[in-house]
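Every number for a ligand or one of its atoms is a count from 1 in the order of the listing.
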Amino acid sequence: MSEKNLGIIGGGQLGSLLSVAAKKLNIKTTIFCDDPEAPAQNFCDDFIFGKYDDKQKIQEFAQKVNLITYEFENIPYETLNQMNKLKPVLPKPSVNRLIQHRIAEKDFVNKLNIRTTRYVSIDKKSDIETLEDLLPGILKTTTMGYDGKGQYPIKNIEDINSLDVDFSKGYILEKLVKLQKEISVIVTRFGINNYEIYEPIENTHENQILKYSVIPAKINQKILNQSKDWATQIAEELKYIGTLCVEFFIDRNDNLYVNEIAPRVHNSGHLTINAYNVSQFENHVRAVCSLKKIPLKKLHNAKMVNLIGDQIKPYRQNIKLNNNEFFFDYLKKEIKEKRKMGHITTLI
Ligand code: ADP
Ligand code: MG
């Protein structure tokens, strides 16, 4: 293997954009995904279809690459661990295991004296009846959730009766934060106290799915500094290598809370492709492949709009864009409701 080959687990839009960034750096990519239709096949150099617990496929994948990274957090720990014995996995598997579990993740953040919303582990319906002070709240599966999947708003005790939830899965009840706004901070850590950090991004969700991201975020200086400090503190504590995103809530009294950590590149960072000299994707590849760190420079303010479900259609048919607009089609074959199909970044 004379040239570098980066293995990526997961073949969605994040895997695609990582592949594009790697190509720019002359690094080949091999994607391993359990979806035979994975759209990243359009962007990577090599593709392996297999279930994530298929030991033979894991072996085949590891043989082809120099190191392994991932585009999503819901990968069985055993899979990452097995791969890590064959080729280095970055960010390391223990980081993924911690963050893929909402309770472990929040316990970890609170131990750093960083604020999260109040939460409690739920094993059965009757647990909630004694927790009125956590209502209104949101019941979430402790693992495997994304884009609001596996979440149930609970306004009051009466709502519990109509809950149709399989409690054998493991749940967390979180107190609802009275949101003023949501922001995210993306940081790429290269080593001890060695970072590049992007300015906070302001995010708007529709039906718990990210719809708009914009820089600059309209926030005060204190929140700007605190969010960047907390994100770097989290990355440092995890001894993280690569790009990480911290999602924050800001309540109506200007209090900052960590919502969740994504141990990977993040949808809110899509605008970094056009707004910065180095995107979150390129920085991730640089960090995990031990390439040179380039000082980050913002070139433009920007706004990103996610194209969800049918919203992609007019753009696919008739792309008329201004010079400051950039359209990305993830080339997903099937249009599904609530599915992120593409995005548009506008430089402002
Ligand atoms: P996912 O893993 O699906 O991204 P999140 O926990 O980030 O799950 O929830 C998705 C969105 O739902 C958040 O960005 C926010 O808009 C809303 N939300 C989730 N939890 C809370 C909460 N405790 N208080 C207020 N809003 C919340
Ligand atoms: Mg989220």
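- Only side-chain heavy atoms of I138 come within less than 4.0 Å of ligand 1; its backbone N, CA, C and O stay farther off.
- When rounded to 10 degrees, the angle formed at the Mg ion (ligand 2) by OE1 (E247) and OE2 (E260) equals 90°.
- For atom 10 (C) of ligand 1, the nearest non-hydrogen atom from the set Q208, K149, E260, K181 comes from Q208.
- A side-chain N or O of N5 and one of T30 form a donor-acceptor pair less than 3.5 Å apart.
- Ring-plane geometry between F72 and Y52 is classed as tilted, the angle between the planes lying from 30 to 60 degrees on a 0 to 90 degree scale.
- Within the listing of ligand 1, atoms 1 (P), 3 (O) sit less than 4.0 angstrom from a heavy atom of D147.
- Counting heavy atoms under 4.0 Å from ligand 1, residue H266 does not touch it at all.
- A donor and an acceptor atom, one from each side chain of Y315 and D329, are nowhere located under 3.5 Å apart.
- Of the N or O atoms in L179, none lie within a sub-3.5 Å distance of an N or O in ligand 1.
- The shortest N or O to N or O distance between G148 and ligand 1 is under 3.5 Å.
- Applying the 4.0 Å criterion to heavy atoms of E247 picks out, from ligand 1, the atoms 7 (O).
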Using salt bridge (Lys or Arg N to Asp or Glu O under 4.0 Å), reason through K169 and D166 one step at a time and then give a plain yes or no. CA-CA 6 Å; K169 273 186 179 169; D166 168 15; 5.4 Å; no
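- Using a 4.0 Å heavy-atom cutoff, K175 is listed among the residues neighbouring ligand 1.
- Under the 30°/60° scheme for interplanar angles, the aromatic rings of H270 and F281 are found to be tilted.
- Of the N or O atoms in T117, none lie within a sub-3.5 Å distance of an N or O in ligand 1.
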